[in-house]
Structures are given as C-alpha cells and as structure tokens.
Amino acid sequence: MSSDSTSSSSAPASIVWADPARERAFHAWLQAQASEHGLQPDTVRSASADASFRRYFRVEGGDKGSLIIMDAPPQHEDCRPFVSVARLLESGGVAVPHILSWDDAQGFMLISDLGASTLLSTLNVEAPYDAGNRARYNAALDELIRIQQVAAQGQVPPYDDALLQREMDLLPQWYLTQLRGLTLSDQDQVMLAQTFALIKAQVLGQPQVLVHRDYHSRNLMVDPADPTARPGVIDFQDAVFGAATYDLVSLLRDAYVMWDEEVQIDYAVRFWEKARKAGLPVPEDFGEFWRDFEWMGLQRHLKVLGIFARLALRDGKRGYLDDIPRVWTYAHRVCSRYQGLGPLARLLERAEAEHGGIRTQVGYTF
C-alpha cells in the first residue's frame, strides 16, 4: 500500500496510510489493545511489508517487550489461513508467532515478536562453510523436521494437480510473454503442456508432509548473537500438504542467496539423515531423494519466475527483477540434465537471449 501520506498528526511519521478511514480504524483498535495488553501506542513504527497487501508494525508492550501488529485489509487478505496454520504449527512445537489478539472483521492482529533479524541478514555469503552459516542452517533444518512431523493431512489444502498446474501457468502468463515478450507458438504451448504434465507426475509421486511453502532466508527470524538458536518461522499462511522436498528446496535454492551445489548437497544430506532418523517419509536412497528435490525445485522455480514477473509488472515491485537470474539458473540447470526437459531449457534460453544471456551451468546428478 503506497500513496501520498494522509496521516494525521497523531500517526507515526514512519507509517503511511493511503486510506484515512483505515487509519482511523487502526488507531481505535490500537487504543483498545493498549488497554488490554499494556501497549505504548506512541512507539508504533513500521516493521516490514511483504509481497502481498499485508504490512507489519512493531510496538512496545511494557513487560512483554515488543510485539508485532499485522495490518491485513480484509478486502485483500484473508487472515483465517494464517490463524489456522499458526495454531496447527504451535500445537506441534514449531517456533511461530503466538496470536494475542485478532480482529477478523477489520484485519488487525497482535502477535508475539520473533525479532528483527532474518536468516538472510546474518549470513556470510562470501564464506559458505562459515561456522555461523552452518549453525544457522542446521538449526533451520531441525525446525523443518519439526514442521514435517506435524500431522496435517486434512488440516491444510492438498498440493494437488490443479494447484501445481496453476502455479506453473504463471510462467507463460507473466514471465515468458509479458516480461520477456515471447510469442509462444502452438508447438511451444504443446511442449509446455507435456513438460508440466511430466513435472506434476514426478512431484505427485513423492512422499507427502506438511509444507510451509515459503521456507527461506527471509522468512526465518534468528538471534544475531546466537547462531545455534532456533529460528522463528513466519509467512506460513499458504501451507499445504505436499512433497517432502518442497521446503528444503525453498531453503537451499533460495531466490535471495545462491550457494554452490556442493553446499546444497551437503545440507540436503544432513536433512535427509535427520528426516530418516525422525521417521519421516523420505526415500532410503539419497540419490532418489536428490532427484525428487531437483524436480520439486523445478516446479517451484518455474512458478517463482512467473510470480516475480507479476510482482514487477502488475504490482510495481521492480526489485524482484533483480532476483530472477538466480531463479532462472536453478530452473535451467535442472532442465539441462534430466530427460524430457531439454525443450523447456531451450525455451528459457530464448526468453533471456535478448536480456544479456544469463550464464548457464549444469551441475550434479546422482
């Protein structure tokens, strides 16, 4: 939400309101919460925004320390999935924000504060095997094990054929045509349909668990002073029941930081060993697990190419264009080394041919 400020003199200077009526509703709600939870309204300041219409503010809560306010306009955002998944994860011992107050009708929520430091902000990207990096990723892998141990079948939507297809359709709808200006021939369309069917068949055959669906370095809150501390998990409202490799792909093939594949494999082996020890449904052979990881990652990255293009073109969030080369590289590498995916690799190359030509690599198979 952005426009010229219409805030009154009582509103915090760092928060811009496009809708005066919503601003008034917020301050009325805040005063009621201040009485019940000991909040200090004059300390409200912006905490963050995300790719949706949600915004987050931080406020001091006296003895409770700082707390987070979610501003989610109900005409744009449905908070019920967030609440439902938060309670499901919390019941399974996952480190998620605790909901203190929720006004469903107005779209305001008061939750516990998991801190201001993301995993991404604490990483030493120049030293992949830095001790702090390793400790933080091991903690993130442990938290992912906790997520996958939550009994969720029937509690969240299935990651089914229709949803997988809708996500991959974003690639031609937004990235290939609108962002890169390709005109897709009938042959291209047939190839995409056949390739998407191949990807879906592989993904739907994988073991199924609770999937966060955005488990990456911007959605894990960490203690900058203690690399071994458990990360706090946020942005889980789109959780589904799907492939056991999905969240690991989100973490290790992150759109915002790229590690060499030998680093990815190292952490993937660690997770696979932890998952087997925890009794989670992963293949007995790591090579099979890695192939599952690669195919699931391809589906995710095709979707993300479409999402980032849409965020830039439709929503004016141009910063996501800077992250496309990483995501493209992940997708292209997989397409270049598995049977049946070569035509898609060539289509991705066509899309970038007039944009500097992203450097291609192949990498590891098992």
Side-chain angles (χ1 to χ4, degrees), residues 47-52 54 56 68 85 89 94-97 113-148 210-239 244-272 274 293-294 296-301 303-305 307-308 311 317 319-331 333:
S48 68
D50 59 26
S52 69
R54 290 183 297 271
Y56 301 90
I68 295 293
V85 178
L89 290 171
V94 180
V96 296
D113 189 353
L114 299 183
S117 297
T118 64
L119 171 61
L120 181 62
S121 72
T122 63
L123 294 174
N124 182 350
V125 297
E126 303 300 326
Y129 290 108
D130 172 81
N133 288 353
R134 293 180 73 86
R136 294 190 192 285
Y137 272 97
N138 281 328
L141 295 177
D142 288 340
E143 204 65 28
L144 181 53
I145 294 292
R146 292 187 184 92
I147 291 173
Q148 295 197 354
L210 177 60
V211 176
H212 175 291
R213 210 152 153 232
D214 236 356
Y215 194 81
H216 58 66
S217 62
R218 287 185 175 180
N219 287 335
L220 296 174
M221 310 307 296
V222 302
D223 181 347
D226 182 4
T228 65
R230 288 177 63 184
V233 180
I234 63 171
D235 206 17
F236 41 72
Q237 61 279 346
D238 294 325
T245 55
Y246 188 96
D247 284 338
L248 187 65
V249 168
S250 301
L251 180 66
L252 303 185
R253 292 188 172 169
D254 194 326
Y256 309 110
V257 59
M258 176 178 273
W259 304 112
D260 289 341
E261 285 202 341
E262 64 181 30
V263 178
Q264 299 172 27
I265 292 170
D266 179 35
Y267 287 125
V269 169
R270 290 170 184 268
F271 175 81
W272 173 72
K274 291 173 186 285
F293 174 94
E294 294 241 88
M296 185 71 261
L298 176 59
Q299 190 279 341
R300 173 173 168 77
H301 294 123
K303 169 185 70 173
V304 172
L305 285 172
I307 289 174
F308 283 2
L311 284 166
K317 298 181 178 182
Y320 286 96
L321 296 179
D322 295 336
D323 302 310
I324 279 181
R326 283 186 217 94
V327 180
W328 185 95
T329 299
Y330 292 138
R333 284 177 178 174

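Position 1 is the first residue of the sequence, and the numbers go up from there.
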Item to complete: List the steps and the verdict of side-chain contact (heavy atoms from CB on, under 4.5 Å) for Val96 and Ile234.
Response: CA-CA 6 Å; Val96 296; Ile234 63 171; over 6 Å; no

Item to complete: Tell me, with the steps shown, if Ile147 and Tyr215 meet side-chain contact (heavy atoms from CB on, under 4.5 Å).
Response: CA-CA 10 Å; Ile147 291 173; Tyr215 194 81; 3.6 Å; yes

Item to complete: Could you walk me through whether Leu252 and Phe293 pass side-chain contact (heavy atoms from CB on, under 4.5 Å), step by step?
Response: CA-CA 10 Å; Leu252 303 185; Phe293 174 94; 4.1 Å; yes

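By the salt bridge (charged side-chain N to carboxylate O under 4.0 Å, His left out) test, Asp113 is found to be paired with Arg58, residues two or more places apart in sequence or in another chain being considered. With sequence neighbours left out, the salt bridge (charged side-chain N to carboxylate O under 4.0 Å, His left out) criterion links Asp226 to no other residue. For Arg146, the salt bridge (charged side-chain N to carboxylate O under 4.0 Å, His left out) criterion is met by Glu143, not counting sequence neighbours. Under the rule for a side chain to side chain donor-acceptor pair (under 3.5 Å), the partners of Arg213 that lie at least two apart in sequence or sit in another chain are Glu167. Qualifying side chain to side chain donor-acceptor pair (under 3.5 Å) partners for Asp142, counting only residues two or more places apart in sequence or in other chains: Lys274. Residues satisfying the side chain to side chain contact (heavy atoms under 4.5 Å, CB included) criterion with Asp214, sequence neighbours excluded, are His212, His216, Asn219, Asp235, Arg300.
Remark: Asp323 CG to Leu311 CG distance equals 10.5 Å, nearest 0.5 Å. Taking OH of Tyr137 as the start and CG of Leu141 as the end, the distance is 9.5 Å to the nearest 0.5 Å. The distance from atom CZ of Arg230 to atom CG of Leu114, rounded to the nearest 0.5 Å, is 11.0 Å. How far CH2 of Trp259 is from CG of Leu251: 10.5 Å, rounded to the nearest 0.5 Å. Going from atom CZ of Phe271 over to atom CD1 of Ile145 covers 4.0 Å, rounded to the nearest 0.5 Å.
Tyr129 places none of its side-chain heavy atoms less than 4.5 Å from the side chain of Asn133. In this structure, the side chains of Leu89 and Leu210 come closer than 4.5 Å at one or more pairs of heavy atoms. You'll find the side chain of Leu119 stays beyond 4.5 Å of the side chain of Val257, heavy atoms only. When side chains are defined from C-beta on, Met221 counts as touching Thr118, because their heavy atoms get closer than 4.5 Å. Between Leu120 and Arg218 the shortest side-chain heavy-atom distance falls below 4.5 Å.
When all heavy atoms are compared, the tightest approach of Leu298 to Ala331 is CD1-O, 3.7 Å. In this structure, Pro227 and Ala139 approach most closely via the heavy-atom pair O-CB, 4.4 Å. Listed here is the closest heavy atom pair of Ala225 and Asp223: N-OD1, 2.9 Å. Nearest heavy atom pair, residue Ser117 against residue Thr122, reads CB-CG2, 4.4 Å.
Aromatic ring orientation, Phe308 versus Tyr256: tilted (interplanar angle from 30° to 60°).
Using a 4.0 Å cut-off between a side-chain N of Lys or Arg and a carboxylate O of Asp or Glu, Arg134 and Asp266 qualify as a salt bridge.
Tested against Val249 for a side-chain contact (heavy atoms from CB on, under 4.5 Å), the candidates His301, Gln299, Glu294, Gln264 yield a single pass: His301.
Without hydrogens or angle criteria, Arg136 side chain to Pro224 main chain gives a donor-acceptor distance under 3.5 Å.
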